[in-house]
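Shown next, in structure tokens, is the structure this report addresses.
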Amino acid sequence: MPGLLNGRVAIITGAGRGIGRAHALEMARQGAKVVVNDLGTGRDGAGNSQGPAGEIVAEIKKMGGQAVANYGSVTDPEQANAIIKTAVDTFGRVDIMVNNAGILRDRIVFNMSDEEWDLVLKVHLYGTFYCTRAACRIMKEQGYGRIINTSSIAGMGQLGQVNYSAAKEGIVGLTRTVARDMARFNVTCNAIRPVAATRLTVTDELYEMRRKSMGEEKAMQWRKAIEAASPEDITPVVVFLASEQAANVTGCVFDVRSDFVARYEDPPRLCKTIVKTGGKWSVEELIEVMPKTLTAGLGEPLPAVAVKQLTCDAKGWEFDGKKLTEAATPPVK
Ligand SMILES: NC(=O)c1ccc[n+]([C@@H]2O[C@H](COP(=O)([O-])OP(=O)(O)OC[C@H]3O[C@@H](n4cnc5c(N)ncnc54)[C@H](O)[C@@H]3O)[C@@H](O)[C@H]2O)c1
């Protein structure tokens, strides 16, 4: 085994499938002892099963690693505390906390039910908070820790995902603050916005929604880009962030997909400013000045997906018409 995480104890929520599964297997391969948490629930958070977590634990043990299953839900503070307790009771500490568990309940804002809103917020935002809080209590005492949270490009705006985008952008804010709260304890906290082909992203329903909002060609382009991105592509960045080598990396947000890894400018910067010298703005003045300055050029319909500038075709990734693959790939020595 390569051993980058030798002796470290890692908790990964939602590790029974998809991206979390890939993290668990690679972290174990890198020598970490792994708590594989998974409720074994449906894509929409309905039902539960011990199957997914149990299978990954068996797989890790088969390859000579150490792992323990936890079948609790991150939505419940007691069960979240129990996930962290499982790590301490079984392996004696918690070095790495990967908040990854996730579900979807998409609906256009005016039709979204309280239940759909609550459950998605509970799994993503509350679940991330409950597990992070419990892990931080241990990490503070240890004077060491690595927390990696899972956000999404949907947080920047995505049709039909008001609950999910609110939760995922909440996770970015949580990450920025936990990074500051925990800095003096040698604990880092970062977030990723992954894209990978899993049951969350490759469905006919999603394709149909995109086809209606973006047209056939772009929806197909989107689908191909996602299908080319596997959960295993996300893991190396997460393992790096979980390692001792990433000691100076905290409060950052990364975009990760296929061969593409990028760090967001974060927090977002002000893009245009107006200042009134010698006084404050009145409504009348702003009505006059804003359309000529801050809001000039606005008015086009918003794209269904905010990160529309990022596209992938056979020639590689493009952002605002600029090829990114070449720009982002450093010369390998
Ligand atoms: N796949 C993508 O392209 C993509 C994009 C952006 C963000 N994400 C995020 O990545 C994470 C992993 O998603 P995935 O695509 O691998 O999905 P997935 O459905 O394959 O895996 C998610 C796992 O989380 C588990 N889970 C759900 N609710 C849980 C709960 N309350 N407690 C514990 N476990 C629970 C599920 O049982 C499942 O095994 C999610 O947070 C998702 O929002 C994924």
Side-chain angles (χ1 to χ4, degrees), residues 11-25 35-56 69-84 86 98-106 118-131 148-156 158 161 163-172 175 191-203 206 222-223 225-235 237-238 253-258 260 305-307 310 312:
I11 299 172
I12 301 142
T13 67
R17 291 191 191 90
I19 297 171
R21 172 185 181 275
H23 296 340
L25 292 174
V35 176
V36 177
N37 158 265
D38 204 296
L39 181 63
T41 190
R43 183 181 183 274
D44 63 355
N48 63 294
S49 153
Q50 297 194 350
E55 281 164 27
I56 303 309
N70 173 286
Y71 311 108
S73 174
V74 297
T75 58
D76 176 69
E78 291 308 316
Q79 292 183 48
N81 290 342
I83 299 171
I84 282 68
T86 300
V98 183
N99 289 297
N100 166 81
I103 61 158
L104 283 177
R105 291 222 175 169
D106 295 352
D118 287 347
L119 189 59
V120 168
L121 266 286
K122 276 277 177 192
V123 174
H124 293 275
L125 186 56
Y126 283 64
T128 298
F129 167 65
Y130 293 147
C131 292
I148 300 104
N149 295 327
T150 312
S151 178
S152 167
I153 55 169
M156 294 185 275
Q158 198 143 290
Q161 295 197 310
N163 48 2
Y164 186 67
S165 53
K168 288 305 198 187
E169 218 49 15
I171 287 173
V172 171
T175 300
I192 59 164
R193 300 186 195 263
V195 175
T198 69
R199 66 179 185 165
L200 289 193
T201 47
V202 184
T203 70
L206 260 179
W222 184 275
R223 187 169 183 145
I226 287 183
E227 281 174 353
S230 79
E232 287 73 20
D233 303 336
I234 311 300
T235 297
V237 173
V238 172
V253 185
F254 297 89
D255 193 301
V256 194
R257 53 182 93 187
S258 296
F260 176 91
V305 175
V307 195
L310 196 54
C312 181

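Just follow the structure's listing: the first ligand is 1, and inside any ligand the first atom is 1.
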Heavy-atom contact check, 4.0 Å cutoff: does R21 meet ligand 1?
no

Residues R193 and E169 bridged, charged N to O under 4.0 Å:
yes

Could you work out, for atom 17 (O) of ligand 1, the closest of V74, T41, T201, L200 by heavy-atom distance?
L200

Residue-level breakdown please: for I226 versus ligand 1, do any non-hydrogen atoms fall below 4.0 Å on the side chain, on the backbone, on both, or on neither?
neither

Could you tell me whether A15 approaches ligand 1 through its side chain, its backbone, both or neither, with non-hydrogen atoms closer than 4.0 Å?
neither

Flag A196 as yes when one of its N or O atoms lies below 3.5 Å from any N or O atom of ligand 1, and as no otherwise.
yes

Going by the atom numbers of ligand 1, which of them fall below 4.0 Å from some non-hydrogen atom of I19?
1 (N), 10 (O), 16 (O), 44 (C)

Is ligand 1 less than 4.0 angstrom away from at least one heavy atom of G42?
no

Numbered atoms and elements of ligand 1 in range of G18, under 4.0 angstrom, heavy atoms
16 (O), 20 (O)

Judged by heavy atoms only, the candidate from D38, I103, I234 nearest atom 39 (O) of ligand 1 is D38

Can you tell me if R199 has a non-hydrogen atom under 4.0 Å from ligand 1?
yes

Candidates V237, T175, V238, I12 - the one meeting side chain to side chain contact (heavy atoms under 4.5 Å, CB included) with I148
V238

Under 4.0 Å from one or more heavy atoms of G72, ligand 1 contributes atoms 32 (N), 33 (C)

among protein heavy atoms, the one nearest atom 14 (P) of ligand 1 is T198 OG1, 3.6 Å

Given I12, I83, N100, which one has a non-hydrogen atom that is nearest to atom 41 (O) of ligand 1?
N100

